[in-house]
Every structure is written in C-alpha cells, then in structure tokens.
Amino acid sequence: MMCGIVGYIGEKKASPILLESIKKLEYRGYDSVGMSTIDDRIKILKGAGRIDDVHKRINFHSLNGNTGISHTRWATHGGVTDSNAHPQTDCKGKIAVVHNGIIENYLELKEDLIKKGHKFSSETDTEVISHMIEDYINSGKSFREAVLETSRRLQGLFAFLAINEKEKDKIIASKHRCPLVIGIGSNENFAASDVVSFLKHTNKVIFLDDDEIAEITKDSCKVFDITGKQKNKEISQVRWNSEEAQKLGHKHFMIKEILEQKETIDRVASHDRKSIEKIAKMINDAYGVFFVACGTSYHACISAGYIFSKITKKHVNIFLASEFPNFSHFLTKNTLMIAVSQSGETADVLEAVRVAKEKGVKVLALVNVMGSSLMRMSDYSLLLNAGPEICVLATKTFTSQLALIYLLAYTCAGRYEEGKKGLEDVSKKVKDVLSEENIQKIKNLANSLKDEENIYLIGRGLSYSTTLEGALKLKEVSYIHAEGLAGGELKHGTLALIERGTPCIAIVPENESRHDILSNIMEIKSRGGYIIGISNRNEDVFDFSIIIPDVEMHPILMIIPIQLLGYYLALERGCNPDFPRNLAKSVTVK
Ligand code: AGP
C-alpha cells in the first residue's frame with residue numbers, strides 16, 4: 001500500500017504523540033488507520049475510516065506505554081476493512097508491524113508460512129512480514145536479525161516498522177525503495193515516512209538508505225546494512241520548521257500552498273549560481289536529454305520541451321515515466337536523464353531512474369523533498385525549495401519546477417542573469433495574480449461553473465502545457481471532467497463536443513500565437529461556447545476575463561488562476577481540496 005507510518009520510543013506516553021504524528025501523514029493515504037503500543041504487552045487499536053472518525057470510535061489515547069507505531073492506509077492489497085488496517089501481527093499478537101509499499105512476492109511467502117502452520121487474519125501483503133519475523137525468532141534469531149532475514153526475502157518496495165513484546169525497548173525499521181526517516185530527539189526517537197510528522201519535536205534526522213535496518217531505542221539509533229554490518233550515518237538538520245508544514249490559519253493546505261507562490265518562485269531564483277551553472281554544463285554536454293515524470297511534473301516537462309527549444313534551440317526528449325520502458329533502449333551512457341518529481345517517491349519515476357542507472361546514465365533530479373528516494377538515487381539533484389507540499393494536488397511545486405527549468409534553460413544559453421531577472425520579475429507579479437480582486441472574480445466564476453459537467457481549456461505553444469496542467473487541476477479536485485488541448489487541435493475533433501454554453505478557458509499570452517489562439521476561440525464562440533479568457537489584456541470575444549500581468553515566463557503565472565478556480569470549484573461542490581477521492585500525495589505504487 002501507499003501509506004504513512006510513524007513510530008515513537010521515549011519517556012512520554014506514546015499514543016498521543018503517535019496520533020498527532022500520523023494525522024500529519026494523512027495526505028499519504030487515508031482509508032484506514034491503526035496504532036499499537038507496548039505496555040505490559042502489545043495492544044492494538046485500528047479501524048477503517050478517516051483518522052478523526054476512527055479515533056472518536058476507539059480512542060487511541062487509551063493505549064498506554066512509551067513505545068509504539070501507527071499507520072494511515074491507502075489500500076492496494078485487500079479492501080478497506082478493520083482487519084486489513086495496520087498494524088498487522090504475528091500469530092500470537094506479540095509482534096506488530098506497520099508497512100508502506102508493496103510486497104510483490106507476498107503470495108508465495110504466505111503459502112510457505114501457512115504450510116508452517118501460521119494463521120493469517122487479513123488479506124494484506126503486509127501480514128507476511130509479521131509472521132516471517134515470528135518465524136525467524138522461533139528459529140532462534142534475535143528481533144533485529146529476524147527483521148534483517150525477513151527484509152532480505154521481501155521483493156517489491158517497502159518501509160516498515162516492527163515492535164516486539166519480548167524486546168519492548170526498541171523499534172526496528174527496515175527500508176527498501178520507500179521513504180523512511182528517523183527523528184533524533186532527546187531521550188526520545190521517532191521514525192516516519194515523512195519528516196513533517198515529527199518536525200515539532202525535532203529537526204535532527206537520519207535518512208535511511210535502501211536495504212538498511214535501524215534499531216531504534218529511546219536514546220540510540222543503530223543502522224545496519226542488509227548483511228548485518230553496522231554503518232555510520234550522519235545526522236542531518238531539516239530546514240523546514242513544523243509551522244511551514246501546518247496550515248498557518250488557512251482553511252486548507254491547497255489555498256495556503258497556492259498563496260505561498262508569492263515566495264516560492266523567489267527561492268528558485270536564489271538557487272546557488274555555481275550549482276545551476278554546473279548542471280547547465282551537464283545538460284549542454286549530454287548526448288540526449290531525457291525528461292521523465294508523471295502527472296503535474298510531466299506537464300512541467302512538456303513545458304521544458306518548449307522552453308529549451310525556444311531559449312537554447314536544443315531538442316529535449318520527454319517521457320511519461322510509466323511509458324518509459326518502451327523507449328529505454330534509446331539511452332546511451334552519454335544521455336542525461338532529468339527526473340522531475342516533487343515527492344521524489346513516485347514509483348514510476350524511480351523505476352525509470354533505476355533502468356537509467358543500470359545503463360550507466362547520469363541522472364539529475366528536480367525534487368522537492370530532501371532525502372527522498374529519488375534524490376538519494378540520483379547523481380545530481382536540485383531542490384525546488386518550495387517547502388512541504390501537503391495538499392494532494394501539486395500547485396507551488398509545479399510553478400517551482402517551471403521556474404527551475406527556465407533558469408536552467410537560460411543558463412544553458414549563457415544567459416543566467418537574464419533568467420534570474422525573469423524569475424524575479426515573475427515573482428513580483430505573482431501577488432498581482434493573487435490579488436483580492438482576482439480571487440473574488442474566480443470565486444464568482446467557480447459559483448457559475450459549479451454544475452458544469454465538462455470544461456475545456458485551449459492554448460498554443462507553451463500555453464498548451466498550461467491547458468494540460470489546468471485540466472488536471474480542475475478534474476482532480478472538483479471531479480468535473482476537464483480536457484486541455486492545443487488550440488490548433490480543436491478542428492480535428494474536440495469541436496464536436498462544443499455546445500451552447502460549453503465553458504472553455506483560453507490561455508492568451510502576449511506572444512506570437514495570440515492571433516491564432518483568438519481565431520481558435522472564435523471557432524468555439526461561433527458554436528455558442530462560453531469563453532473564459534486568461535490574458536494580459538481583455539478581448540471582446542471573452543465572456544469572462546481574468547487579467548494577469550504580461551511576463552516572458554507566462555506559464556508560471558497563467559496556471560495560478562486555474563489552481564484557484566479548482567480550489568473554489570471544490571468548495572462549491574463540497575469536495576475536500578486537500579484529500580481528493582481515490583488519490584494520494586505520492587504514488588509509490590506502479
Ligand atoms: C498533481 O496534482 C497530482 N497529485 C499528481 O498528478 C502528481 O503530480 C503525480 O503523482 C506526480 O507526483 P510527483 O511530482 O511527486 O512525482
């Protein structure tokens with residue numbers, strides 16, 4: 001599954017700390033939740049439903065003990081039921097495990113365990129872990145050795161925490177291709193999928209690498225490799241403070257993160273010049289540049305195609321990460337792969353990077369989460385520095401990706417200063433786009449569109465990728481079907497869908513394609529379509545216009561009104577903007 005896991009061991013009662021921590025990971029998956037602590041023995045409470053609802057039903061605070069683990073689930077194996085919620089245990093309920101990821105060989109492992117007499121109580125892949133640990137302990141292994149042996153046999157991707165009634169003074173953690181970070185406190189330690197869960201307690205962290213096992217007590221953290229050899233790991237300081245990861249008074253993370261774009265673009269502009277120039281040289285020297293990404297990050301890569309073509313006259317290749325296996329034979333050792341992913345945990349992207357690494361290809365990551373799997377797998381990485389993005393929808397990280405791509409393209413063309421100035425110019429203009437007047441206009445627009453079933457977006461050139469990203473925003477947060485397309489494509493089919501009143505958002509920057517996109521708009525208008533123009537100046541053909549400043553790097557600004565429209569449409573339609581149905585923040589399953 002793709003979930004959130006947390007662990008606490010220290011001198012305080014674990015359950016309140018675990019509950020507060022797991023709530024901060026609810027964005028990772030939220031169809032069921034559970035917790036286990038060790039008092040005189042292991043106790044478990046768990047259930048299907050959102051964290052607050054389950055807590056109201058079963059009161060996690062009733063769990064005593066200073067050692068515990070917790071889990072919030074996004075189901076992949078086994079339905080959303082109380083028994084499939086984590087933690088999962090061994091036969092006797094003396095070992096509890098919470099797990100994020102997918103055990104690809106769980107069926108054969110489960111058969112083997114059943115043959116040995118183990119009794120299973122869930123449909124999950126995870127449960128094999130607790131029974132394997134039990135099996136190894138029964139054969140004389142220590143708790144840590146049992147986790148090590150178990151980890152060696154698991155295939156797929158996983159990060160799990162295990163506690164054992166017989167060794168109640170420790171939590172054992174195991175990481176393989178899913179995020180797991182240890183928080184180092186004073187007389188207390190934490191483990192989690194994401195640092196935001198324990199940031200209020202400590203910002204000192206140890207990032208585990210793949211195939212590492214950690215033995216965590218209240219005042220120590222020993223890390224071992226998969227052969228059992230102890231390793232030295234540095235303790236890093238995470239720059240984010242806990243407040244950044246909270247809503248700071250906003251109703252939802254989504255609106256908070258949209259508004260943060262006033263600051264986040266600037267942070268990209270203030271990237272260290274030397275690192276930007278070093279990366280730009282690598283791009284210029286590469287024999288073929290392959291961008292790979294998914295979802296919103298993929299739309300940033302499509303923009304990169306236009307940006308590099310226009311600014312550096314350089315062709316770059318762009319692939320959906322999930323489709324990359326069809327093209328990986330084009331990789332040569334002089335290719336540069338640029339993997340774009342805000343979470344740095346997207347399984348499709350990690351898989352494409354793994355293939356590239358096997359072929360000796362250098363990989364650059366454009367990533368937002370420090371210490372993420374992608375960052376640790378890549379040869380080079382540039383952080384988006386957008387701060388934690390909790391809303392499932394990517395907003396500020398998208399514009400930060402665009403900003404970083406612009407800066408790299410200008411630097412590749414030997415025009416770093418121009419690129420930096422362009423970003424500073426855009427950054428100043430973001431607050432104009434986010435003016436009270438514009439926000440009110442967009443709220444009114446959302447109210448008028450709230451019952452629509454289809455919304456179309458058209459644009460040309462760089463604005464084409466804006467329409468793709470805009471369509472994704474609208475549909476994933478308001479559940480209204482939305483389609484983005486190149487203006488020139490309308491007459492090749494989609495025009496058949498335009499009826500009286502069909503809403504169409506047109507992206508109309510001040511550039512060479514303005515005349516052509518206006519004639520595409522007329523194609524819609526003459527069939528009764530309702531035109532919402534996003535442009536630097538009004539046009540008679542617009543039925544509704546959102547005016548935003550004219551800037552060179554217009555895709556960074558043009559998307560913001562559509563992000564806002566998505567947010568207010570969600571509110572109008574009673575959708576939860578931070579937790580859209582069926583989606584999760586980082587898609588760690590293929
Ligand atoms: C964006 O709003 C979506 N949540 C989704 O498409 C996302 O962009 C995609 O899953 C890729 O995530 P990543 O950037 O963390 O790799």
Side-chain angles (χ1 to χ4, degrees), residues 2 27-30 74 157 177-179 193-194 196 252-255 257-258 261 264 291-304 318-324 337-354 363-375 377-378 381-384 386-402 404-405 465-466 468-479 482 484 559-560 562-567 569-570 575-590:
M2 189 190 32
Y27 71 91
R28 298 180 61 84
Y30 32 83
W74 188 69
L157 31 107
R177 297 173 50 188
C178 276
S193 313
D194 187 334
V196 288
H252 298 102
F253 282 113
M254 183 170 182
I255 187 65
E257 289 154 8
I258 289 172
Q261 290 172 120
T264 47
F291 279 89
V292 290
C294 303
T296 290
S297 299
Y298 172 68
H299 299 147
C301 296
I302 295 186
S303 302
I318 299 138
F319 300 97
L320 274 173
S322 54
E323 292 297 314
F324 188 63
M337 175 178 276
I338 302 181
V340 182
S341 167
Q342 76 80 20
S343 65
E345 301 300 342
T346 300
D348 291 328
V349 175
L350 300 182
E351 187 54 31
V353 167
R354 197 161 286 107
V363 178
L364 162 66
L366 304 189
V367 64
N368 191 44
V369 180
M370 179 170 131
S372 59
S373 304
L374 173 64
M375 183 169 170
M377 288 170 70
S378 300
S381 53
L382 285 173
L383 280 169
L384 303 179
E389 185 175 70
I390 308 300
C391 174
V392 166
L393 279 87
T395 48
K396 61 177 181 173
T397 54
F398 174 66
T399 49
S400 293
Q401 287 168 348
L402 291 179
L404 196 45
I405 288 164
S465 47
T466 303
L468 298 178
E469 172 54 14
L472 176 61
K473 285 289 97 49
L474 296 183
K475 64 185 146 184
E476 69 174 332
V477 76
S478 73
Y479 314 150
I559 192 62
I560 296 176
I562 307 171
Q563 295 171 342
L564 286 168
L565 179 60
Y567 176 67
L569 275 173
C575 306
N576 182 332
D578 288 340
F579 303 116
R581 66 186 179 198
N582 310 336
L583 303 180
K585 184 61 184 172
S586 51
V587 186
T588 56
V589 293
K590 272 192 263 184

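All figures in this text were calculated on a predicted structure; none of them were measured in a lab. We count ligands from 1, going down the list as the structure has it; atoms in each ligand are counted the same way. Values reported hereafter were calculated over all heavy atoms of this structure, with side chains retained and with hydrogens, waters and symmetry mates removed.
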Number the atoms of ligand 1 from 1 as they appear, then name those within less than 4.0 Å of a heavy atom of [X], with their elements.
X	result
Thr296	1 (C), 2 (O), 6 (O), 8 (O)
Lys473	1 (C), 2 (O)
Leu472	6 (O)
Val392	4 (N)
Val587	10 (O)

I need the nearest protein heavy-atom contact for [atom]: residue, atom name and distance, please.
atom	result
atom 12 (O) of ligand 1	Thr346 OG1, 3.6 Å
atom 6 (O) of ligand 1	Gly295 CA, 3.2 Å
atom 15 (O) of ligand 1	Ser343 OG, 2.7 Å
atom 14 (O) of ligand 1	Ser297 OG, 2.6 Å
atom 11 (C) of ligand 1	Cys294 O, 3.5 Å

Report task. Please say whether Glu476 places an N or O atom under 3.5 Å from an N or O atom belonging to ligand 1. Result -> yes
Report task. Please indicate whether any nitrogen or oxygen in Gln342 is less than 3.5 Å from any nitrogen or oxygen in ligand 1. Result -> yes
Query raised in the report: Under 3.5 Å, is there a donor-acceptor pair between the Glu345 and Ser373 side chains?
Result: yes
Query raised in the report: Do the side-chain N and O atoms of Thr395 and Gln261 include a donor-acceptor pair separated by under 3.5 angstrom?
Result: no
Requested in this report: State, with a plain yes or no, whether a side-chain heavy atom of Leu393 is found less than 4.5 Å away from one of Pro580.
Outcome: yes
Query raised in the report: Is the shortest heavy-atom distance from the side chain of Cys301 to the side chain of Phe319 under 4.5 Å?
Result: no
Query raised in the report: Would you say Ser586 touches ligand 1, if touching means a heavy atom closer than 4.0 Å?
Result: no
**Report entry** For Gln342, all residues meeting side chain to side chain donor-acceptor pair (under 3.5 Å), sequence neighbours excluded
**Finding:** none
Requested in this report: Not counting sequence neighbours, which residues clear side chain to side chain donor-acceptor pair (under 3.5 Å) with Asp578? List them please.
Outcome: none
Requested in this report: Kindly indicate, with the supporting measurements, whether the criterion side-chain contact (heavy atoms from CB on, under 4.5 Å) is fulfilled by His252 and Asn576.
Outcome: CA-CA 9 Å; His252 298 102; Asn576 182 332; 4.3 Å; yes
Query - Smallest separation among heavy atoms of Val292 and Ala352, with atom names - result: CG2-CB, 4.3 Å
Requested in this report: First locate atom CG of Leu366, then atom CD1 of Ile405, and finally report the distance between them rounded to the nearest 0.5 Å.
Outcome: 6.0 Å
